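Input: a single structure, listed below in structure tokens.
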Amino acid sequence: MHIYQVFGKEHIETRRLAKSFGEEVEEVLAGYTPSCKEEFRVREHKEEDCTLFIMGEDLQRIERDKMMFPVLSHA
């Protein structure tokens, strides 16, 4: 299951959201940095022709915290 973004007024647990689609869901791929990262295994995302220019502390934080820009924000 691919979840590109979750919009709502309240926090929704990703595990609960996936279970609502049935027991057939074996894997969930998040297109954003989930608030509860412990539920996910981080893997490097590589995409051609996709360059982002960030320097300094912000880049260090993104790398350290294993963050990503939401897939829906890509132009």
Side-chain angles (χ1 to χ4, degrees):
M1 166 184 259
H2 290 252
I3 301 175
Y4 292 102
Q5 193 70 35
V6 178
F7 297 95
K9 293 182 180 180
E10 298 178 20
H11 173 76
I12 298 172
E13 294 179 20
T14 308
R15 188 172 301 203
R16 192 173 125 214
L17 176 63
K19 281 187 177 184
S20 72
F21 284 89
E23 296 298 321
E24 302 85 32
V25 176
E26 295 178 7
E27 181 179 48
V28 175
L29 301 173
Y32 59 97
T33 304
S35 60
C36 188
K37 292 183 276 189
E38 297 79 29
E39 294 183 14
F40 289 86
R41 179 174 31 107
V42 176
R43 61 181 174 193
E44 188 174 351
H45 175 78
K46 292 189 179 189
E47 187 175 329
E48 290 194 34
D49 297 328
C50 185
T51 304
L52 178 65
F53 296 97
I54 300 178
M55 296 173 55
E57 292 178 22
D58 291 330
L59 176 60
Q60 292 171 358
R61 180 172 169 240
I62 288 170
E63 290 177 343
R64 181 189 67 233
D65 294 344
K66 307 290 186 209
M67 298 171 72
M68 69 176 285
F69 284 89
V71 172
L72 294 181
S73 71
H74 295 198

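Quick caveat, the model's predicted, so the values are computed rather than measured.
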Handout entry: Nearest heavy atoms of Val28 and Ala18, plus distance in Å
Key = CG2-CB, 3.6 Å

Problem - From CA spacing to verdict: side-chain contact (heavy atoms from CB on, under 4.5 Å), Val6, Tyr32 - result: CA-CA 9 Å; Val6 178; Tyr32 59 97; 3.7 Å; yes

Exercise for the section: Might you point out which heavy atoms bring Val25 and Phe21 nearest each other, and give the distance in Å? Expected result: CG2-CB, 4.0 Å

Exercise for the section: Tell me, yes or no, whether the heavy-atom count around Arg64 atom CZ, taken from other residues, nucleotides or ligands under 6.0 Å, exceeds 12. Expected result: yes

Handout entry: Approximate separation, where rounding is to 0.5 Å, of Thr14 OG1 and Lys19 NZ
Key = 12.5 Å

Practice task
Check whether Met1 and Leu29 end up in the same hydrophobic cluster, where Ile, Leu, Val, Met, Phe, Trp and Tyr are linked by side-chain heavy atoms less than 4.5 Å apart.
Solution key: no

Practice task
Starting at CZ of Arg61, measure out to NZ of Lys66 and round the result to the nearest 0.5 Å.
Solution key: 14.0 Å

Practice task
Inspect the surroundings of CZ in Phe40 and state if more than 12 heavy atoms from other residues, nucleotides or ligands are less than 6.0 Å away.
Solution key: yes

Practice task
Report the residues that fulfil salt bridge (Lys or Arg N to Asp or Glu O under 4.0 Å) with Arg15, sequence neighbours left out, ordered by chain and then residue number.
Solution key: none

